[in-house]
Amino acid sequence: MTSKERAALRAKANPLEPIIQIGKEGISDNLITQIDDTLDTRELIKIRVHLETAPESPREFADKIAAATDSEVIQVIGGVIVLYRKIDEERIAEKKKKRGSGAAKAIARKKVKIKGMRARQREKEAKNPYAKYDRPRRK
């Protein structure tokens, strides 16, 4: 990656908020998976490292995460890491195949239509013609 591309990505990352935080636990497999999934959807992410409790420096974390997720470190400033990975549609499709179709998770839900007072009154009147006289009166 050239320095101009890196500068453009730094400018894009400037208004972003850190999505992921690293604390006293450091880097775990779940964290790597979460970062990997986030990079699949967003391309450019910020990660905050809590300097007081983190076992390593932000630079060391950045290098480890970049190696594990096959991404590039754009910058490390203080406790903030910016990572970039171009979205790869084939990789995302492959992950979806491994996880399953997602149709198994979808549960058929009964659609409920919420009716207002007027709709309920109309239904009542359709069933019983004398129900007109039960209408609430306005003052």
Side-chain angles (χ1 to χ4, degrees):
M1 178 175 286
T2 65
S3 62
K4 287 192 178 194
E5 291 171 338
R6 193 175 306 272
L9 288 172
R10 275 199 305 265
K12 264 186 166 179
N14 197 20
L16 296 179
E17 292 294 321
I19 297 172
I20 298 168
Q21 298 180 7
I22 301 174
K24 65 181 177 183
E25 297 293 321
I27 297 176
S28 64
D29 292 336
N30 289 337
L31 183 73
I32 295 294
T33 305
Q34 184 180 9
I35 292 170
D36 196 39
D37 291 343
T38 307
L39 282 168
D40 282 341
T41 57
R42 296 195 178 209
E43 278 190 351
L44 190 66
I45 63 169
K46 269 189 184 179
I47 301 170
R48 173 160 314 279
V49 178
H50 294 283
L51 299 173
E52 300 84 31
T53 58
E56 298 176 36
S57 71
R59 189 68 191 163
E60 292 169 351
F61 280 134
D63 293 335
K64 286 181 181 178
I65 293 170
T69 59
D70 193 31
S71 59
E72 293 190 45
V73 178
I74 300 301
Q75 73 178 359
V76 178
I77 294 181
V80 178
I81 301 168
V82 178
L83 292 177
Y84 172 77
R85 181 175 71 196
K86 188 169 175 73
I87 291 180
D88 186 11
E89 297 297 331
E90 293 173 5
R91 172 189 275 170
I92 295 169
E94 193 176 304
K95 279 186 183 180
K96 285 184 180 178
K97 282 182 184 177
K98 285 181 183 177
R99 288 185 186 155
S101 64
K105 293 181 183 179
I107 299 170
R109 294 185 181 155
K110 182 179 176 183
K111 291 187 178 180
V112 178
K113 184 174 180 185
I114 299 173
K115 298 177 184 172
M117 189 173 184
R118 288 183 183 162
R120 290 193 306 262
Q121 185 65 33
R122 281 190 212 112
E123 283 182 3
K124 188 176 177 183
E125 289 174 6
K127 291 179 186 175
N128 181 3
Y130 294 105
K132 288 184 198 177
Y133 304 111
D134 294 343
R135 285 188 183 170
R137 302 205 180 215
R138 293 187 181 177
K139 292 182 181 181

Scanning both residues in full, the closest heavy-atom pair of Gly78 with Pro58 reads O-CG, 3.3 Å
Heavy-atom closest pair (Ala62 atom, Val76 atom, distance to 0.1 Å) is CB-CG2, 3.8 Å
Distance col, row Ile22:CD1 vs Arg48:CZ, nearest 0.5 angstrom, shows 11.5 Å
Test item: Arg85 side-chain N/O and Asp36 main-chain N/O as donor-acceptor pair under 3.5 Å: yes
Heavy-atom nearest pair, Ile35 first then Leu83, reads CG2-CD1, 4.3 Å
Heavy-atom closest pair (Ile45 atom, Arg42 atom, distance to 0.1 Å) is CG2-CB, 4.1 Å
Rounded to the nearest 0.5 angstrom, the CZ-CD distance for Phe61 and Glu56 is 4.5 Å
Taking every heavy atom of Arg6 against every heavy atom of Val73, the minimum-distance pair comes out as NH1-O, 2.8 Å
- Query: Counting heavy atoms not belonging to Lys95, are there more than 12 under 6.0 Å from its NZ?
  - Reply: yes
ask   = Is Ile19 reachable from Tyr84 through a run of hydrophobic residues whose side-chain heavy atoms are each under 4.5 Å from the next?
value = no
* To do: Give the cluster check for Ile20 versus Ile65: same hydrophobic cluster or not, with ILVMFWY residues linked at side-chain heavy-atom distances below 4.5 Å.
  => yes
Value for CD (Glu94) from NZ (Lys98), rounded to nearest 0.5 Å, stands at 5.0 Å
Output, in order, the C-alpha distance, side-chain angles, deciding distance and verdict of side chain to side chain contact (heavy atoms under 4.5 Å, CB included) for Leu16 and Val82. CA-CA 10 Å; Leu16 296 179; Val82 178; over 6 Å; no
Value for CZ (Arg59) from CD1 (Ile77), rounded to nearest 0.5 Å, stands at 11.0 Å
Heavy-atom nearest pair, Ala54 first then Val49, reads CB-CG1, 3.7 Å
CZ (Arg91) and CG (Leu39) are apart, to the nearest 0.5 Å, by 9.0 Å
Are more than 12 heavy atoms from other residues, nucleotides or ligands located less than 6.0 Å from atom CD of Glu25?
no
To the nearest 0.5 Å, atom CD1 of Ile47 lies from atom CD1 of Ile27 at 8.5 Å
- Message: According to a hydrophobic-cluster definition based on side-chain heavy atoms being under 4.5 Å apart (Ile, Leu, Val, Met, Phe, Trp, Tyr only), do Leu31 and Ile81 belong together?
- Response: yes
